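Since the structure comes first, as structure tokens, the remarks are kept for the end.
Lettering follows sequence order; numbering is per chain, from 1. In this text the structure is predicted, and so the values were computed from the model without any measurement.
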Amino acid sequence: MKFKSVRGTRDVFSPEIELWQYLENTAVALLKAYGFSEIRTPIFEESALFNRSIGEDTDIVEKEMYSFQDKKGRNLTLRPEGTAGVIRAAIEQNLLVQSNIAKLYYLGPMFRYERPQAGRYRQFYQIGAECVGSDNYRRDLEIILWCVDYFAAIGLTGLKVCLNSVGCADCRPAYREVLKKYLQDQTGKLCGDCQRRAVKNPLRVLDCKVDSCREIIFGIPAMQDWLCDACKTNLSEIEADLKKEKVNFIIDKYLVRGLDYYTRTVFEIKSENLGAQDTIAAGGRYDKLVQELGGPPMPAVGFALGLERVSEVRQKQKAVATPGNRIDIFFALLGEQAQNRAAGVIRELRQQRIKVEAVFENKSLKSQMRLADQSGAKFTAILGEEELKKDSVTLRNMQTKEQKDIKLDELSQFLKTAKSEEYNG
RNA sequence: GUGGGCGUAGCUCAAUUGGUUAGAGCGCUAGGCUGUGGCCCUGGAGGCUGCGGGUUCAAGUCCCGUCGCUCACCCCA
């Protein structure tokens with residue numbers, strides 16, 4: 001085969017695409033219920049936007065971005081995540097009005113140049129939302145509860161909500177220094193990566209999975225002890241309300257996110273049904289980003305979920321697939337005249353959004369019936385010489401095998417009635 | 001970027017210590033049934049064994065390279 005989808009990308013089609021449509025539709029409906037409205041931003045942006053928001057010495061910026069120059073020499077990057085673009089757009093379009101809050105959601109592909117793995121792609125789809133303009137902990141809660149409600153709505157179980165605070169501009173620098181000093185004393189015992197992190201980005205050491213490092217991490221002073229009062233209150237209020245809402249969560253004091261813009265609340269939702277890449281949704285608060293990107297000093301909180309991973313979990317948990325795109329009526333046509341007579345009727349039915357398929361390829365009735373069967377159609381209309389004389393079709397119910405003559409003119413009415421009966425049980 | 005496993009028909013997999021024309025099931029297709037689907041029976045199509053090179057009288061099988069898939073590390077959705 002000459003052409004293949006490029007490494008780390010994939011095609012999504014039936015029956016999985018019907019699942020995706022269901023996941024997206026459910027998410028959109030719930031996002032609207034939570035007061036978010038959609039924003040569509042470009043798939044590429046100025047590279048500098050991502051450098052500044054995500055952070056120069058994060059893995060994403062250092063080695064994972066699809067960056068290129070266009071014909072005018074502009075430095076552009078395919079978006080590796082959604083927040084930066086949404087905030088840029090919100091500022092540019094004046095959606096951020098002082099003392100008001102803006103609630104925006106987005107969905108679409110993101111791009112990161114990473115080694116593909118289970119649940120990790122170079123082009124992957126995210127659904128995410130941002131709430132800009134409030135530092136009220138209830139907004140953090142809204143975001144987390146949306147995720148919880150969504151995963152419940154689509155029937156996922158075995159999820160774990162992990163919560164932590166990474167502090168704010170007031171308390172994080174102090175903690176950073178404490179951490180740096182502590183790590184300096186232990187530097188010989190750290191793994192190579194962590195020795196570098198200890199200097200550049202000491203918080204990331206907390207995330208290390210190397211056994212020798214974990215031992216050292218165990219003795220590290222906890223961020224919690226260094227949080228300022230405001231951050232402490234923020235975290236404890238969220239905790240209290242999550243308990244009140246009976247959300248199952250744990251405080252993971254080693255939870256740090258790979259993007260620099262987070263402040264205070266960070267969270268991840270993990271599934272026990274996936275491999276190493278088990279985070280299906282993640283997010284947190286980012287109170288300084290809006291101003292840093294040239295907007296008004298407005299606090300914000302948001303999240304993103306990975307559609308491939310959600311789809312994966314859902315498929316592992318539900319044996320029964322989401323209903324596919326079954327057609328309503330299948331036309332088996334015998335001969336040129338039958339094809340001519342049916343063509344108009346078929347178009348009319350389709351205009352009424354009745355799902356129709358037909359065979360115009362002069363196949364035997366037997367093979368047309370086989371196609372009808374495979375299509376999953378509820379009815380098959382057979383139109384041949386006999387029916388043409390009466391201007392009717394032989395309508396076969398594919399489940400009950402019941403057949404009756406129906407005038408071609410009455411088909412549309414019949415199908416509508418049949419459909420509404422189905423809805424009423 | 002690092003490491004492990006794997007590349008044979010559309011799919012899942014066979015093929016003796018290297019040995020004739022690379023097989024099976026499922027799927028697809030035609031017929032049995034000249035106008036009726038699923039079950040059954042019979043036939044048919046479909047393969048540069050990922051690609052390139054090497055060893056050999058002989059390579060799907062062994063060796064090297066390469067590309068891809070996959071899992072894990074790193075990191076993340």
Quiz prompt | Separation of the C1' atoms in B:G35 and B:G27, to the nearest angstrom | solution = 27 Å
* To do: May I ask you to test the A:F303-A:I269 pair for a side-chain heavy-atom distance under 4.5 Å?
  => no
field: salt bridge (Lys or Arg N to Asp or Glu O under 4.0 Å) between A:E386 and A:K390, worked out
entry: CA-CA 7 Å; A:E386 291 168 27; A:K390 297 179 281 186; 5.9 Å; no
Regarding A:A282, tell me which of base, sugar-phosphate or nothing describes its non-hydrogen contacts under 4.0 Å with the strands shown.
sugar-phosphate
message: With rounding to the closest Å, how many angstrom separate the P atoms on B:C41 and B:G25?
response: 11 Å
Practice problem: Rounded to whole angstrom, note down the P distance from B:G52 over to B:G44. | Solution: 31 Å
Checking A:Q123, A:E81, A:R122 against A:R112 for side chain to side chain contact (heavy atoms under 4.5 Å, CB included), the one that qualifies is A:E81
Atom CZ of A:R120 and atom P of B:A72 are separated, to the nearest Å, by 10 Å
Checklist line | Whole-Å P distance, B:C39 and B:G53 | finding: 46 Å
Quiz item: Taking A:R350 for the side chain and A:V356 for the main chain, is one N or O donor matched with an acceptor at less than 3.5 Å?
Solution: yes
Under the rule of Watson-Crick or G-U wobble with both distances under 3.5 Å, where | means paired to another strand and [ ] a crossing pair, RNA chain B maps to (((((((..((((.....[...)))).(((((.......))))).....(((((..]....))))))))))))....
Using the P atom on both, measure B:U8 against B:U55 and round to a whole Å. 26 Å
Going 5' to 3' through nucleotides 31-41 of chain B and flagging B where a protein heavy-atom sits under 4.0 Å of the base, S where only the sugar-phosphate is that close, and - otherwise, we get SB--BBBB---
| Counting only distance, no hydrogens or angles, is the base of B:C69 paired donor-acceptor with the side chain of A:R10 under 3.5 Å? | no
Margin query: Under 4.0 Å, heavy atoms only, any strand: does A:G128 hit a base, just the sugar-phosphate, or nothing?
Written below: nothing
The single option from A:D140, A:D252, A:I144, A:L255 that satisfies side chain to side chain contact (heavy atoms under 4.5 Å, CB included) with A:L163 is A:I144
message = Suppose you measure atom P in B:U17 against the same atom in B:G54; what distance do you get, rounded to whole Å?
response = 27 Å
Separation of B:C73 atom C1' from A:Q117 atom CD, nearest Å, is 8 Å
Requested in this report: Determine the Euclidean distance between corresponding C1' atoms of B:G46 and B:U56; express it in Å to zero decimal places.
Outcome: 32 Å
Of A:T58 and A:G8, the one whose nearest nucleotide on RNA chain B sits closer to the 5' end is A:G8
### Task
Name the nucleic acid region contacted by A:Y121, choosing base, sugar-phosphate or nothing; use a 4.0 angstrom heavy-atom cut-off, strictly under.
base
Sticking with atom C1', work out how far B:C71 lies from B:U29, rounded to a whole angstrom. 38 Å
**Q.** Audit row: A:K378, A:D328, salt bridge (Lys or Arg N to Asp or Glu O under 4.0 Å) steps and yes/no
**A.** CA-CA 6 Å; A:K378 297 173 198 87; A:D328 297 317; 3.0 Å; yes
